[in-house]
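Working notes, structure below.
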Amino acid sequence: MGSSLPPKEANLFKVIVKSYETKQYKKGLKAADSILKKFPEHGETLSMKGLTLNCMDRKSEAYELVRRGLKNDLKSHVCWHVYGLLYRSDREYREAIKCYRNALRIDPDNIEILRDLSLLQAQMRDLSGFVETRQQLLSLKPNHRMNWIGFAVAHHLNSNSSKAIEVLEAYEGTLEDDYPPDNERYEHNEMLLYKISLFEECGMLDRALEEMQKKESKIVDKLSFKEQMASVLFKLGRFDESESIYRSLLFMNPDNYKYFIAVQKCLGLYSDNGQYSAGDVERLSALYNSLKEKYSWSSAVKRIPLDFLEGEKFQEAADSYVRPLLTKGVPSLFSDLSPLYEHPGKANILEQLFLKIEDSIRTSGCFPGSPQKEPPSTLLWTLFLISQHYDRRGQYEIALNKIDEAISHTPTVIDLYSVKGKILQHAGNFAAAAALADEARSMDLADRYLNSECVMQMLQADQVGLAEKTAVLFTKDGDQHNNLHDMQCMWYELASGESYFRQGDLGRALKNFLAVEKHYADMTEDQFDFHSYCLRKMTLRAYVSMLKFQDRLHAHEYFHKAAAGAIRCYMKLHDSPTKSSTEENDEMSKLPPAQRKKLRQKQKKAEARAKRAEEKQEDETATTNTSKSGKKHNARPVDLDPHGEKLVQIEDPLAEATKYLKLLQSNSSSSLETHILSFELNMRKQKILLAFQAVKQLIKLDENNPDSHRCLIKFFHKINSLPTPGTDSEKLIWNVLEAERPDIRQLHGKSLIEVNRSFLEKHNASLTHRAAAAEMMYLLEPDKKMEAIKLIEDSTNNASLGNNVLGPVNEWQIQDCIDVHKLLETVFGDQNIANSWKTRCAEYFPYSTYFEGVKSSIAAYVFDHNNLQNSPENGIAQNPQLKSNEGELGALNGAVHIVDDLSSLSIR
């Protein structure tokens with residue numbers, strides 16, 4: 001390195017390298033310039049200067065210098081290594097790998113290049129190459145522990161666990177008998193536990209057990225040791241020994257659900273679907289009664305039996321479970337009980353129990369059958385629980401009455417206002433829900449959760465500006481948007497993007513959806529530093545677990561929502577192109593040639609000015625972010641497109657949508673929404689076979705889903721309307737469809753009209769299915785429009801099965817009714833019928849602002865400008881950074897009261 005230079009310049013070259021490593025970039029540049037004065041074409045110096053400039057955000061100069069250096073010295077491993085580092089800094093990992101391989105051709109035993117290459121191979125999951133590089137590192141430095149461990153992990157990741165075990169055993173053979181010393185015991189313990197997990201993964205259970213018994217004294221993580229021992233014994237069929245260990249673990253932590261489930265499995269009393277025979281229920285009941293005597297303070301031992309008990313025994317267990325929690329006043333009680341509502345019949349039993357408790361406390365001040373007087377707050381929390389129960393069941397009128405009574409009982413409990421807001425949200429009154437959430441927030445201005453809950457409700461009410469001003473109260477420096485982006489606050493970005501999409505602002509919607517996508521890209525990049533760190537610190541089990549998590553990262557719910565939102569935005573852009581790409585061209589074509597030429601010149605000048613301003617801004621940012629010493633500051637780059645205006649100016653929206661669709665198809669293939677989007681997108685792109693593939697997947701996942709039926713009928717209706725295939729490719733597509741068509745059971749010997757009729761007969765009682773059948777009837781037989789509409793109008797809102805103490809629970813959901821109303825307005829295009837449907841739904845959903853129900857109107861907002869004590873913007877006076885927003889927040893000054901048709905709807 002620098003060997004072709006005279007001694008003085010060679011020393012200066014070492015200064016460049018050291019300055020780069022210590023981030024003294026100015027000093028490194030100075031040394032590089034000194035060498036280049038005498039040797040202006042020295043390749044390695046040019047490359048190192050470029051690498052230094054890259055660290056100072058002068059990327060264009062950096063690439064130019066590195067390429068010059070490489071051109072001048074193609075046989076220098078330093079130049080190739082630097083070129084790889086440059087690509088790596090820009091996340092161009094595949095190009096970086098190519099550069100490293102070229103460097104290794106010149107210097108095959110360079111430890112640093114091999115180590116850097118191995119990190120990139122792990123990042124890119126080039127597992128066979130990772131194994132090869134790790135083997136080479138081990139052969140060069142066999143006395144280094146990290147090389148042994150890295151080689152073993154590489155084999156494990158490459159699905160060769162047995163070879164990984166051999167490597168670890170060979171490594172242990174190099175150790176002394178008294179290894180490890182006290183300061184390395186934990187690292188050695190991690191390696192042993194990792195090796196045992198490999199035995200278990202390979203199915204070598206006897207060897208795993210033997211290893212654990214042999215090395216028990218060297219394993220310091222006793223909890224993990226016991227858990228792994230119990231797991232191995234269970235897999236070996238030694239259930240009694242496994243149960244004994246799990247019981248000892250329960251003694252350590254009697255609230256760990258995993259240990260209770262493991263004890264059940266050891267006793268043969270566990271069912272994946274939650275269905276148990278009467279004999280199993282009796283045995284389970286006896287088991288948990290004995291455990292309850294031993295661990296009386298455990299919450300889990302009392303809660304788990306509620307999942308398998310039925311009838312009177314369930315009621316007794318639920319009664320004994322909820323009483324102490326109502327006395328104590330646990331706001332999360334309903335969240336704990338909510339999974340029970342999925343069990344048939346249990347919701348009705350709980351309703352009867354709650355009402356019985358409420359009646360007893362009202363009349364006697366005690367729980368049923370108990371002589372002990374309860375504090376007044378018990379009634380409050382009982383009403384709180386009952387209101388959430390009726391909210392869950394869709395009986396919003398009763399839920400609101402109960403929560404209003406609770407508020408009258410104790411007006412200072414914040415949770416009451418939050419729950420009332422959620423009830424109104426579920427009932428369809430988003431504006432009132434947002435106002436109530438804001439009232440709850442104003443009661444405790446230091447609570448971040450209440451602030452976040454309020455922001456979410458405002459976004460659902462499409463009050464985006466107000467939500468931003470509220471969120472700014474809990475962000476650094478009053479810079480709301482950038483701080484929430486830096487903190488990867490994805491729930492905010494998703495809710496904001498969905499709100500902008502509903503309002504038709506596709507630029508801002510895309511801005512938020514793509515911000516979420518960027519967070520996931522950043523998470524993928526964040527694993528890079530752990531490839532070396534975890535091997536060095538020996539956190540091997542956590543490392544492998546992290547890599548597996550990263551491999552399924554894009555299957556996360558938030559990414560799915562963001563990608564689906566972005567795809568919908570792009571499809572909407574395709575359906576309704578922005579004015580800049582269509583209308584402006586039409587308007588320009590109508591102008592005389594001279595004026596058209598003049599207008600184009602003006603546009604070019606404006607674009608040039610904007611580009612120069614951008615470049616100037618970037619230069620200023622780079623200068624600001626770099627200190628005199630050349631070190632970079634972590635200043636935030638300026639967002640040159642805060643409203644997403646450039647995002648909507650793309651030429652091919654469907655091509656952009658396809659990028660995100662491929663990610664969904666590879667990571668969320670079990671989601672119906674993925675294939676619905678695939679169908680809609682590919683139909684727009686005229687990709688017939690890909691659209692057909694989406695239809696087949698939809699039928700495979702859920703053939704009874706209304707959207708699956710829609711896609712099936714739409715696809716074959718489109719195919720039947722196509723002209724006779726003329727080209728070879730069209731004939732090929734037609735032949736494929738003809739070959740595949742018999743595999744679709746619904747189409748066997750039936751026309752599309754008969755398929756639609758069969759679907760309707762099968763799902764005649766469901767509103768959503770009737771709406772889908774009506775829509776397809778209108779598509780297939782346009783002359784039967786009124787008959788199709790009558791299918792929807794004749795739908796009945798039946799009460800769901802079950803004995804409900806305070807009234808029936810109707811089946812129709814508010815969102816389904818909204819979808820039907822939009823269908824009548826857009827697809828059928830009959831405003832009178834749509835209005836009639838709206839009037840009908842207003843009776844079922846009286847609080848819904850969409851249907852303008854009788855109890856939904858917000859008559860006025862009353863502001864008390866003189867009293868800011870409880871104002872939502874109380875934080876302004878306390879935070880000078882927010883004073884600039886004070887004028888914009890005037891709409892919230894004072895205590896907000898909603899004047900509704902029901903006096904109970906007004907906030908305290």
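The structure presented is a predicted model; accordingly, all values stated were derived computationally and were not measured.
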### Message
Asp505 vs Lys511, test: salt bridge (Lys or Arg N to Asp or Glu O under 4.0 Å). Steps then yes/no.
### Response
CA-CA 10 Å; Asp505 190 342; Lys511 186 80 175 175; over 6 Å; no
Applying side chain to side chain contact (heavy atoms under 4.5 Å, CB included), run through Tyr100 and Leu120 and close with a yes or a no. CA-CA 10 Å; Tyr100 289 157; Leu120 288 182; 3.1 Å; yes
Pair Val15-Lys18, side chain to side chain contact (heavy atoms under 4.5 Å, CB included): steps then yes or no: CA-CA 5 Å; Val15 170; Lys18 188 175 181 181; 5.8 Å; no
Step by step, work out the side chain to side chain donor-acceptor pair (under 3.5 Å) result for His81 and Asn110.
CA-CA 10 Å; His81 191 190; Asn110 190 299; 5.4 Å; no
Where do Leu104 and Trp80 land on the side chain to side chain contact (heavy atoms under 4.5 Å, CB included) test, with the steps shown first?
-> CA-CA 9 Å; Leu104 288 171; Trp80 282 110; over 6 Å; no
(request) In sequence, state the C-alpha distance, the side-chain angles, and the governing distance for Glu64 and Arg68, and then conclude on salt bridge (Lys or Arg N to Asp or Glu O under 4.0 Å). (result) CA-CA 6 Å; Glu64 184 183 347; Arg68 265 183 62 200; 5.6 Å; no
| field | Tyr570/Ile650 under side chain to side chain contact (heavy atoms under 4.5 Å, CB included): CA gap, chis, key distance, verdict | value | CA-CA 9 Å; Tyr570 285 125; Ile650 54 174; 3.2 Å; yes
Exercise for review: Just do the salt bridge (Lys or Arg N to Asp or Glu O under 4.0 Å) check on Asp33 and Lys37 with the steps written out, would you?
Suggested key: CA-CA 6 Å; Asp33 289 335; Lys37 281 180 183 178; over 6 Å; no
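Considering only heavy atoms from C-beta on, Val82 comes within 4.5 Å of Val78 through its side chain. Between Cys99 and Arg88, every side-chain heavy-atom pair lies at or beyond the 4.5 Å cut-off. For the pair Leu540/Leu535, a side-chain contact is recorded, criterion being any heavy-atom separation below 4.5 Å from C-beta on. Contact check for Pro6 versus Phe39: side-chain heavy atoms found under the 4.5 Å cut-off. Contact of the His42 side chain with the Leu5 side chain is registered, since non-hydrogen atoms from C-beta on lie closer than 4.5 Å. Residues Val131 and His155 are in side-chain contact: their nearest non-hydrogen atoms beyond the backbone lie under 4.5 Å apart.
Shown here for Thr52 and Tyr25, the closest heavy-atom pair between the two residues is CG2-O, 3.6 Å. The two residues Phe513 and Ala566 come nearest to each other via the heavy atoms CD1-N, 3.7 Å. Nearest heavy-atom pair across Leu506 and Val648 is C-CG1, 3.9 Å. Contact record, Ala555 with Ser668: CA-OG, 4.2 Å, taken as the closest heavy-atom pair. Residues Leu573 and Leu647 share a closest heavy-atom pair of CD1-O, 4.4 Å. Of all the heavy atoms in Ala103 and Ile113, the pair that sits closest is CB-CD1, 3.7 Å.
For the side chain to side chain contact (heavy atoms under 4.5 Å, CB included) test with Leu86, the passing option among Leu53, Leu65, Asn54 is Asn54; the others fail. Remark: of the listed residues Glu190, Glu187, Glu172, Glu184, Glu184 is the sole one forming a salt bridge (Lys or Arg N to Asp or Glu O under 4.0 Å) with Arg145.
The environment of OH in Tyr179 is crowded: more than 12 heavy-atom neighbours from other residues, nucleotides or ligands sit within 6.0 Å. Other residues, nucleotides and ligands place more than 12 heavy atoms under 6.0 Å from the CD atom of Glu61. A 6.0 Å sphere centred on NZ of Lys537 holds no more than 12 heavy atoms belonging to other residues, nucleotides or ligands. The number of heavy-atom neighbours closer than 6.0 Å to OH of Tyr520, taken from other residues, nucleotides and ligands shown, is above 12.
A distance of 15.5 Å separates NZ in Lys163 from OG in Ser159, rounded to the nearest 0.5 Å. From Ile106, atom CD1 reaches atom CG of Leu74 across 8.0 Å, with rounding to the nearest 0.5 Å. Between atom OG of residue Ser496 and atom CH2 of residue Trp491 there is a gap of 10.0 Å, rounded to the nearest 0.5 Å. For the atom pair Gln135 CD and Asn147 CG, the distance stands at 12.0 Å (nearest 0.5 Å). To the nearest 0.5 angstrom, Ile149 atom CD1 is 10.5 Å from His144 atom NE2. Summarising the geometry, atom OG belonging to Ser34 is positioned 5.5 Å from atom CG belonging to Leu12; distances are rounded to the nearest 0.5 Å.
With hydrogens and angles disregarded, no donor-acceptor distance shorter than 3.5 Å links the side chain of Asp107 to the backbone of His77. With Thr133 contributing its side chain and Phe130 its backbone, the two residues share no donor-acceptor pair below 3.5 Å.
Salt-bridge check for Glu557 with Lys561: passed, with a basic side-chain N closer than 4.0 Å to an acidic carboxylate O. Salt-bridge check for Lys141 with Asp109: failed, with every basic side-chain N at 4.0 Å or more from each acidic carboxylate O.
Residues His156 and Tyr194 place their aromatic rings such that the two centres sit under 6.0 Å apart. Aromatic rings from His485 and His519 are positioned such that their centres are separated by under 6.0 Å.
Judged by distance alone, the side chains of Gln123 and His531 do bring a donor and an acceptor atom under 3.5 Å apart. Between the side chains of Arg67 and Tyr83, at least one donor-acceptor pair of N or O atoms lies under 3.5 Å. Side-chain N/O atoms of Glu525 and Tyr93 include a donor and acceptor closer than 3.5 Å. Side-chain atoms of Asn102 and Arg105 form a donor-acceptor pair, as typed in the model, at a separation below 3.5 Å.
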